[in-house]
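Report on the following structure.
Computed over heavy atoms, backbone and side chain alike; hydrogens, waters and symmetry mates excluded. The sequence lines fix the lettering, A, B, ..., with proteins before strands; numbering per chain opens at 1.
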Amino acid sequence: MRILQLHCDYVEYTPVKKEIKSAEDLDPQSKRFEEIVVAFVAVEESDNVDVAKRAITEISESMKKIGCSKLLLYPYAHLSSKLASPTTALLLLQDMEKNAQGLEVHRAPFGWTKSYKLQVKGHPLAENSKSITAGDEKEKDSSSNALKAESKIKSYWHILTPDGKLHEIDKFNFTKHQNLEVLAKYEAAKKRAVDEPPPHVKLMKKLAIADYEPASDAGNMRFYPNGRLMKSLIERYVTDKVMEYGGFEVETPIMYDSHHPSMESYFHRFPARQYSIDSEGKHLFLRFAACFGQFLMAKDFQLSYKNMPLRLYELTRYSFRREQSGELVGLRRLRAFTMPDCHAMCVDMDQAKEEFRKRFELSRDVIKGLGIESEDYEMAIRFTEEFYNENKSLIEEMVAKLGKPVLVEMWKERFFYFVLKWEFNYVDNLGKASALSTDQIDVENGKRYNIDFMDDTNKPLNPIILHNSPSGAIERVIYTLLEKAAKDQREGRKPMFPLWLAPTQVRLIPVKPEFLDYCEKLADKLTENDIRVDVDDRNESVGKSIRDAETEWIRYIIVIGEKEVNSTTLSIRDRKSKDPHNLSVEDFITSIREETKGKPFMRINMGRSVAKRPQIMV
RNA sequence: GCCUCGAUAGCUCAGCCUGGUAGAGCGAACGCCUCGUAAGCGUUAGGCCACGGGAUCGAAUCCCGUUCGAGGCUCCA
């Protein structure tokens, strides 16, 4: 706890507006006190009731020395960078107020922005600062309920290896698992050591994929034609995969009434910050996930155990979370993002577990199809101790399938709505981890949302609900691909996208304008075969055209001149191999179709003519 | 919210410390070149130096304030 104590001639303050949800309710009245000691107090994360008691004792002792018995406790966050949660802080402040014996104590409201004015006396003891921390002595039994609630969600971290053994993080040998170590430190210690923008930010601009939009809010990006194309393809791919698995695609509203009873209770269980909109007396908020839209829909379905598992799927464009401005970097974390969200309502835990396995496979398959290999991500599994003890085999089976150690977070008691959750985390070039695919077993919301189905004895039951995003946010997939490419680049490999996602797959470069006709015909033929091709019809030198194509990461570059026009083979410059090689048009088409098999196709999104494109980024 | 950095041509940036007519590269327009696997050549246009104030004979440059942006910290009293 940090305290700045000032002996004042007078102090006055006015509460201006509430800063946090849990702010105290009160009349925002101005107050003025004279001949008073003002104690600015910051409660820190390790503080407890004992610290509060010692603090108030120390304050009153020093007040005796200066002969003042009037005290104003003034909550003041800015004294520390390791603050306690607001709940705890308020509690301890109230404690201090109560335990101040022989003093006239006032307390400025907690959770409000306040304007204030004070005049500090000129004597040597008028200014004084203290720092009080929890000593070696054990926390006493008198800890408050809020503190107990906090310790309830204390996490126990481990590493689980494919042989089913749990290891202490400190004792685990991370030599062969450096990214897992980064993830473990990142999660368990919440430690980060980054002070530069991640490399994908430059790439997303240079490749004309996405950019910041200053006229919007932070974290709301603009996507240029290349970026929009990539997003469309990924969205189509993920949606196809989920439907193949059995998902029913639906669409639900992006804004909800925060005073609707189903919403109010959910709010407390999902503490993301929202965007809100006031309209015609209603307080609306923008959805931060597709959960409630689908739950409200499922509630109105007439369901029997025969319909289960019921898999509802929505690709939310967008979900909104008002993340803190400092967290928003490039495409890693956004305030508006596209999230594939698939819920499965299951009759019981057995069916939920079976479904859970299927979705684990689905997610692995989807991620792989997106060009993210298993060495690119690290898995984390989180569960309650009880669930682990009853379902060891399920958890061990998943780790065995992944074939490498995973990070484990275990809770003694269930605090969140799920009993089991896993996610794949990509660890980027700066050592930041972000979640891609994820799935959860939710044992709470079936009841909360009054979703019920009839079992085989015609008795209504609430389903267990799985929450899965097989790929994670679409924007984050692009971020991952760009960060991977940046790593390739740094390590001397040529960066590129998976062929099916490349904005341009093939570029034709005529040696002279007279070969343009031939290029057009060839481009027609490739387009007919679902290949994204464009033609560099600018009047530039061949060298310049090739250079530009290379900087756009175009996989196949084909120069068209006399030789090609008069033969059936093409000289193909393949970004993957060093030397140009010759192939017939047919074979070339076959090779591309082979590599992009099973993936969606869209035509080029900036027109075939390179000359007619606007210059988006240099 | 706090801290740090930034705002100069369409883009990326130099100039600022030490005040004295606004610079480069890329891009664009126009022209020449008609080219075989990573930048051919020339000419031209483009700027209220974010906004407001101050000191100065004189400010992109120094001082104060504002706005906007990026990054970091803090789920923030």
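Of all heavy-atom pairs spanning A:I604 and A:V533, the tightest one is CD1-O, 3.7 Å.
Across the P atoms, B:G15 and B:A9 are found 15 Å apart, a figure rounded to whole Å. A gap of 16 Å separates the P atoms of B:C49 and B:C11, to the nearest Å. Comparing B:G46 with B:G6, their C1' atoms sit 24 Å apart, to the nearest whole Å. A gap of 26 Å separates the C1' atoms of B:U66 and B:A22, to the nearest Å. Rounded to the nearest Å, the gap between the P atom of B:G47 and that of B:G53 is 23 Å. For B:C30 and B:U67, the P atoms lie 44 Å apart once the distance is rounded to whole Å. Using P as the reference atom, B:U61 and B:G54 are 14 Å apart when rounded to the nearest Å. B:G20 and B:C26: their C1' atoms are spaced 31 Å apart (whole Å).
If you check every strand for non-hydrogen atoms under 4.0 Å, A:G543 touches sugar and phosphate atoms only.
With a 3.5 Å ceiling on both atom-pair distances, B:C16 lacks any Watson-Crick or G-U wobble partner. With a 3.5 Å ceiling on both atom-pair distances, B:A60 lacks any Watson-Crick or G-U wobble partner. With a cut-off of 3.5 Å on both pairing distances, B:C49 has no Watson-Crick or G-U wobble partner at all. Base pairing analysis places B:U67 opposite B:A7; the two distances defining the Watson-Crick or G-U wobble pair are each below 3.5 Å. As the counterpart of B:A29, B:U43 is assigned, both hydrogen-bonding distances of the Watson-Crick or G-U wobble pattern falling under 3.5 Å. The partner of B:U37 is absent, by the rule that a Watson-Crick or G-U pair needs both atom distances under 3.5 Å. With a cut-off of 3.5 Å on both pairing distances, the Watson-Crick or G-U wobble partner of B:C2 is B:G72.
Following rounding to the nearest Å, A:R547 (CZ) and B:C26 (P) show an atom-to-atom distance of 11 Å. Between the P atom of B:G27 and the CD atom of A:E552 lies a distance of 13 Å, rounded to the nearest Å. Between the CD atom of A:E540 and the C1' atom of B:G40 there is a distance of 9 Å, given to the nearest Å. For the pair A:L331 CG and B:G71 P, the interatomic distance rounds to 11 Å; values are reported in whole Å. Rounded to a whole Å, the CG atom of A:L570 is 17 Å from the P atom of B:U37. For the pair A:D574 CG and B:U37 P, the interatomic distance rounds to 18 Å; values are reported in whole Å. If you take OH of A:Y275 and C1' of B:C75, they are 16 Å apart, rounded to a whole angstrom. Summarising the geometry, the separation between CD on A:Q615 and C1' on B:C26 is reported as 9 Å, rounded to the nearest angstrom.
The stretch residues 507-518 of chain A touches RNA chain B through A:V511, A:K512, A:P513, each having a heavy atom within less than 4.0 Å of the strand.
The side chain of A:I546 approaches B:A38 more closely than any other nucleotide in the set B:A38, B:C35, B:A77. Set against B:A77, B:A38, B:G36, the side chain of A:V542 has B:G36 as its closest nucleotide. In the set B:A38, B:A77, B:G40, B:A77 carries the atom at the smallest distance from any side-chain atom of A:P75. Closest to the side chain of A:S571, from the set B:A77, B:U37, B:A38, is B:U37.
Comparing A:Y212 and A:K202, the nucleotide of RNA chain B nearest to each residue sits closer to the 5' end for A:K202.
Put simply, the side chain of A:R573 and the base of B:A38 share a donor and an acceptor less than 3.5 Å apart. Put simply, the side chain of A:N539 and the base of B:C35 share a donor and an acceptor less than 3.5 Å apart. A:E564 contributes a side-chain N or O that forms a donor-acceptor pair with the base of B:G36 under 3.5 Å.
A:D341 and A:T316 share no donor-acceptor pair across their side chains, judged by distance under 3.5 Å alone. Side-chain polar atoms of A:E423 and A:N425 form a donor-acceptor pair below 3.5 angstrom.
Annotation: side chain of A:R107 is not in contact with side chain of A:M96 (no heavy-atom distance under 4.5 Å). Two residues are said to be in side-chain contact when any heavy atoms from C-beta on lie closer than 4.5 Å; A:L331 and A:F223 meet this criterion.
In this structure, A:S541 does not reach the B:C35 phosphate: none of its side-chain N or O atoms is under 4.0 Å from OP1 or OP2. For B:C41, the OP1/OP2 oxygens have no side-chain nitrogen or oxygen of A:K544 closer than 4.0 Å.
Between the CD atom of A:Q505 and the CG atom of A:D534 there is a distance of 10.5 Å, given to the nearest 0.5 Å.
With its glycosidic angle within 90° of 0, B:G46 adopts the syn conformation.
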What verdict does the side-chain contact (heavy atoms from CB on, under 4.5 Å) test give for A:Y212 and A:N220, after you've listed the backbone C-alpha separation in whole Å, the side-chain angles of each residue and the deciding distance to 0.1 Å? CA-CA 7 Å; A:Y212 300 114; A:N220 288 257; over 6 Å; no
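For the side-chain contact (heavy atoms from CB on, under 4.5 Å) with A:F33, the qualifying choice from A:E104, A:E12, A:H106 is A:H106, the only one to do so. A side-chain contact (heavy atoms from CB on, under 4.5 Å) with A:Y224 is found for one member of A:I616, A:N605, A:L207 and no other, namely A:I616.
Using a 30° and 60° split on the angle between ring planes, A:Y479 and A:Y426 fall in the perpendicular class, above 60°.
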